[in-house]
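Structure first, then comments.
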Number of protein chains: 2
Amino acid sequence: MTGKPRTNNLVERVMARLGADIRGGRLGPGARLPTEQELTASMGVSRTVVREAVAALRADGLVVTRRGSGAYVADPAASPFRIAAPHAADLGEILDVMELRLAVEVEAAALAAERATRKQIAAIRMALRSIDRALRGGDGAVAEDFAFHCAIAEATGNRQFPRFLAFLGNHVIPRQSVRLAVDTPAERRAYLERIQHEHGRIVAGISAEDPAEARRAMHEHLTRSLERYRNLARRSVDG
Amino acid sequence: MTGKPRTNNLVERVMARLGADIRGGRLGPGARLPTEQELTASMGVSRTVVREAVAALRADGLVVTRRGSGAYVADPAASPFRIAAPHAADLGEILDVMELRLAVEVEAAALAAERATRKQIAAIRMALRSIDRALRGGDGAVAEDFAFHCAIAEATGNRQFPRFLAFLGNHVIPRQSVRLAVDTPAERRAYLERIQHEHGRIVAGISAEDPAEARRAMHEHLTRSLERYRNLARRSVDG
DNA sequence: TCAATAAAGTTGTCTGACAACTTCATCGAC
DNA sequence: GTCGATGAAGTTGTCAGACAACTTTATTGA
């Protein structure tokens with residue numbers, strides 16, 4: 001029924017079981033975990049393995065340990081927010097995360113329009129020129145595109161924005177790389193040029209210190225990007 | 001100079017050192033960590049401690065281990081995004097996170113307006129009535145307010161939004177509780193009524209399937225909230 | 001009844017050992 | 001000389017036992 005364990009790693013097996021008990025609610029906040037002795041017995045592993053598993057769960061913020069007393073399920077309020085790397089296979093999950101990214105970037109553009117320093121605007125402009133250069137070189141300019149968006153996030157003056165984007169960018173920018181394979185060179189050039197036009201409009205909004213315009217421009221830019229990706233998802237599902 | 005270690009926990013001490021080496025760039029992605037033997041020697045702890053520290057770092061996604069080969073700094077692209085619970089003392093950090101929340105909630109309102117099912121809209125309306133009831137009972141309705149925002153996040157149909165909000169809500173809703181202490185009862189009632197009026201406008205936008213209006217309403221609502229908090233921060237700093 | 005004390009239980013740390021696997025140098029055949 | 005096989009050394013994974021530090025509970029005594 002349960003099948004063989006997917007991993008040879010004993011620590012992960014113990015982690016998986018305890019993690020499931022916690023997240024599944026069988027062990028509520030504040031509940032005490034089985035003692036190390038009980039776990040070694042019930043799972044047939046050594047204390048070393050149990051302790052490493054608990055150490056990992058502690059690092060995840062799921063449990064706290066009290067010497068002499070036991071290990072307890074942590075208050076969820078104290079555990080940090082995490083977004084695991086979405087499985088590349090799960091298109092739905094990727095789309096969900098992309099929407100979250102859109103939310104963050106749209107506001108970032110508006111904040112950048114309100115607060116960007118001259119230096120930061122110059123950095124954004126430079127990133128835009130880097131994309132131009134890469135495009136003229138026949139490149140997809142994926143890295144340059146990402147750097148451009150990061151420059152805007154930096155210009156918010158809010159450290160959470162670049163942090164968030166830096167994470168998402170690593171996972172959720174299959175844009176060009178995924179898409180370019182299915183297009184003709186002519187379509188591709190047209191597509192990249194339109195992208196760059198959209199970028200230009202975003203920069204104009206920020207430079208003009210017009211948050212509403214910056215927001216609109218970024219929103220349209222990312223909505224189109226999302227829409228393309230959604231079509232791709234539909235296509236790969238239907239046919 | 002460095003002072004005594006803040007923790008008695010040896011595992012955390014080793015984690016702190018390795019984590020600092022990694023995040024500080026002294027150990028770049030792909031770099032190999034010192035062997036367990038070297039770490040036991042250089043830090044004067046047992047192998048047990050070193051192994052638990054490495055297990056924790058692995059759980060954090062900072063390190064991957066290869067049996068027979070060594071432990072390596074993970075590709076940052078594979079490590080999950082985390083927002084640690086902001087220190088309550090650090091007002092600037094809280095404001096930063098609140099801006100991130102604003103970004104997410106504004107888009108959530110728009111998505112809810114596009115996609116909410118009848119059932120979801122009913123849930124939002126019910127949450128709104130719960131706030132009403134609590135207010136009439138003389139309560140601050142903090143929990144009910146949070147539930148209202150969560151209901152909107154649910155109505156996006158995107159699981160990432162409620163997840164994100166569920167985390168932030170636990171940390172960043174000192175709104176009323178902080179503020180109410182400094183106001184007269186009359187001011188307080190007026191304030192809460194205006195909040196509720198803003199809520200009503202958000203619901204109207206969502207019900208009318210008008211994303212632009214829902215977005216505007218939510219944006220104004222949260223911007224005011226943020227502004228109040230900013231003033232509070234200024235006040236507590238200046239005087 | 002209540003406080004001090006003892007005992008049992010639990011996590012934290014140390015030590016030593018072996019298994020499983022990787023890496024690299026050495027050696028031998030061609 | 002080149003290339004593959006072999007073996008040794010090094011490294012992580014797991015097990016076992018022990019003691020220290022601390023908490024909780026039960027016992028005892030006033």
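Letters go in sequence order (proteins before strands), and every chain restarts at 1. These numbers were taken from a predicted model, which means no experiment stands behind them.
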Tell me what [X] touches on the nucleic acid: a base, only sugar-phosphate, or nothing, going by heavy atoms under 4.0 Å.
| X | answer |
| --- | --- |
| B:Arg66 | sugar-phosphate |
| B:Thr48 | base |
| A:Val54 | nothing |

*Answer yes or no: is there a donor N or O on one side and an acceptor on the other, between the side chain of B:Ser225 and the main chain of B:His221, under 3.5 Å?*
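Checking the backbone N and O of B:His221 against the side chain of B:Ser225, no donor-acceptor pair under 3.5 Å is found.
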Protein-nucleotide distance ([X], atom [atom1]; [N], atom [atom2]), rounded to Å:
| X | N | atom1 | atom2 | value |
| --- | --- | --- | --- | --- |
| A:Leu10 | C:dA20 | CG | C1' | 12 Å |
| B:Glu12 | C:dT13 | CD | P | 9 Å |
| B:Tyr72 | C:dC21 | OH | P | 16 Å |
| B:Leu39 | C:dC14 | CG | C1' | 16 Å |
| A:Arg51 | D:dA20 | CZ | C1' | 13 Å |
| B:Gln37 | D:dG13 | CD | P | 15 Å |
| A:Glu36 | D:dA16 | CD | P | 15 Å |
| A:Asn9 | D:dC15 | CG | C1' | 15 Å |

_Here's a test of your reading of the structure: between A:Arg58 and A:Gly68, which maps to the more 5' nucleotide of DNA chain C?_
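Looking at the nearest nucleotide for each, A:Gly68 comes out on the 5' side.
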*So does B:Thr35 get a side-chain nitrogen or oxygen closer than 4.0 Å to the phosphate oxygens (OP1/OP2) of D:dG10?*
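No, because none of the side-chain N or O atoms of B:Thr35 sits under 4.0 Å from OP1 or OP2 of D:dG10.
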_If you compare every side-chain N and O of B:Ser46 against the phosphate oxygens of C:dC14 (OP1, OP2), does one of them come in below 4.0 Å?_
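Looking at the OP1 and OP2 atoms of C:dC14, one of them is under 4.0 Å from a side-chain N or O of B:Ser46.
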_Residues A:Glu99, B:Arg159: salt bridge by 4.0 Å N-O rule_ =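 So A:Glu99 does not pair with B:Arg159 through a salt bridge.
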*Mind checking whether A:His199 and A:Phe148 have parallel, tilted or perpendicular rings, split at 30° and 60°?*
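The arrangement is tilted - the two ring planes meet at 30° to 60°.
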*Heavy-atom donor-acceptor pair, A:Arg47 side-chain to D:dG17 base, under 3.5 Å*: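 Counting by modelled atom types and ignoring angles, no donor-acceptor contact under 3.5 Å is found here.
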*What distance separates A:Leu128 CG from A:Ile124 CD1, expressed to the nearest 0.5 Å?*
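One gets 9.5 Å once the value is rounded to the nearest 0.5 Å.
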*Between atom CE of B:Met15 and atom CG of B:Leu57, what is the distance when rounded to the nearest 0.5 Å?*
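The CE atom of B:Met15 sits 5.0 Å away from the CG atom of B:Leu57.
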*From the list C:dT22, D:dT12, D:dC22, which nucleotide is the closest neighbour of the side chain of A:Arg67?*
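Looking only at heavy atoms from C-beta outward on A:Arg67, the closest nucleotide is D:dC22.
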_What's the closest nucleotide to the side chain of A:Val49 if the choices are C:dT10, D:dT14, C:dC14?_
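So the side chain of A:Val49 is nearest to D:dT14.
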